[in-house]
Amino acid sequence: MSSMVVIGTGSALPERILANTDLEKMVDTSDEWITTRTGIKTRHIASKGDETSKLGSRAARKALSMSGLVAEDLDMIIVATITSEISMPSCACLVQKELKATNAFALDLNAACSGFLYSLDLAEKYIKFDPHLKILVIGAETLSTRVNWQDRNTCVLFGDGAGACIVTGTDQERGMLASNLYSDGSLYKLLYMDSAPSMNKDLIRPGNDGSYIKMAGRDVFKHAVRCMDDAISSVLDQTGVSIEDVSLIIPHQANIRILKSLVDRLGVPLEKFYINVYKYGNTSAASIPIALDEANRQGKIQAEEYLLLCAFGGGFTWGAALFRW
Ligand code: ACO
């Protein structure tokens, strides 16, 4: 029975950096408040040429280069995003055009901050069906386009960027061992983003005062910690791997306090977590693949070690996946 392995990773960040001290000049906040409540010091913000599909394509080229493949080798492109520069066609089609991946079909996946995990899970189903497939999985976001820059509750949290990986099948005893996904749409109002205003007067949503992120921070915090803890336990139970056996945990990078609470619940040292939220803020679906690429290039994941990914985001959506690298 073949399983899905990652054969290349890549990431791309816009050059422009927005520091907490810059935000102090924009809203009533302070470096001290942002640092203590979130752990974030800086975030990267897109400029012209850093559209979501462009960032995604840059990350993809690096992942392709590491994998030794070329764009024409790709059979499928999945882009996890909630911030494509256009609504139709998909961001994945724009990436396909940019890369000239002429043999691939392409689609977007919206599972907010859990989008990359959901996309890996989907890719794995295709690879189980045909282990020869070469699939490009991207998480790419320009959340700066969807943040209300007058709302200090949210504008300090988010950043832009993209990460990518190339996956295919193997007969070796490694790769993705398990992946569990969950959703609870009944809680969507705790974290959501309105669409562009409706052109159909009957379907105008009351309260849609702009297509930017709205969030009940404390509720999100509590659910994020509990749900990621549950998802991790379930994936470990399913595989019989203990948390002590896991070499590295790459969580969605939302907030250092969420991660510290998760560390306490799991009873593992903080060093087991790969953390870069202080540099990039919350890049939603891009956060796990950016961190995965950094950890991979820094040699933090060795062959045959256990790697655990976990995420939580709008929907609510959440999940965890276990790999033997
Ligand atoms: N600067 C200064 N003061 C602020 C800021 C800011 N940027 N933002 C809010 N405040 C104020 C509030 O107005 C409030 O003031 P008040 O007491 O006078 O009303 C005070 O700080 C406390 O606000 P709380 O919302 O209670 O602060 P809390 O300790 O809960 O921290 C935070 C807020 C950081 C948003 C926290 O709730 C959190 O981390 N939630 C998770 C949200 C998250 O990560 N969302 C990302 C998307 S979901 C995901 O990716 C998992």
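Everything numeric here is computed off the predicted structure, so don't read it as measured data. Note that ligands are numbered from 1 as they come in the structure, with each ligand's atoms numbered from 1 the same way.
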remark   = Phe158 meets the ring-ring contact (aromatic ring centres under 6.0 Å, His included) criterion, sequence neighbours left out, with none
query = Excluding sequence neighbours, so at least two apart, what forms salt bridge (Lys or Arg N to Asp or Glu O under 4.0 Å) with Asp108?
reply = none
note = Contacts of Phe221 meeting ring-ring contact (aromatic ring centres under 6.0 Å, His included) (sequence neighbours excluded), chain-then-number -> none
query = Under 3.5 Å, is there a donor-acceptor pair between the Glu141 and Thr283 side chains?
reply = no
ask   = So how far is it from Leu292 CG to Glu294 CD, rounded to the nearest 0.5 Å?
value = 10.0 Å
key: Heavy-atom check, side chain of Leu262 versus side chain of Asp229, under 4.5 Å   = yes
inquiry  = Taking non-hydrogen atoms within less than 4.0 Å of ligand 1, which protein residues qualify?
reply    = Asp28, Thr29, Trp33, Arg37, Thr38, Cys113, Arg152, Asn153, Val156, Phe158, Leu191, Met215, Gly217, Arg218, Val220, Phe221, His252, Ala254, Asn255, Arg257, Ile258, Asn282, Phe312
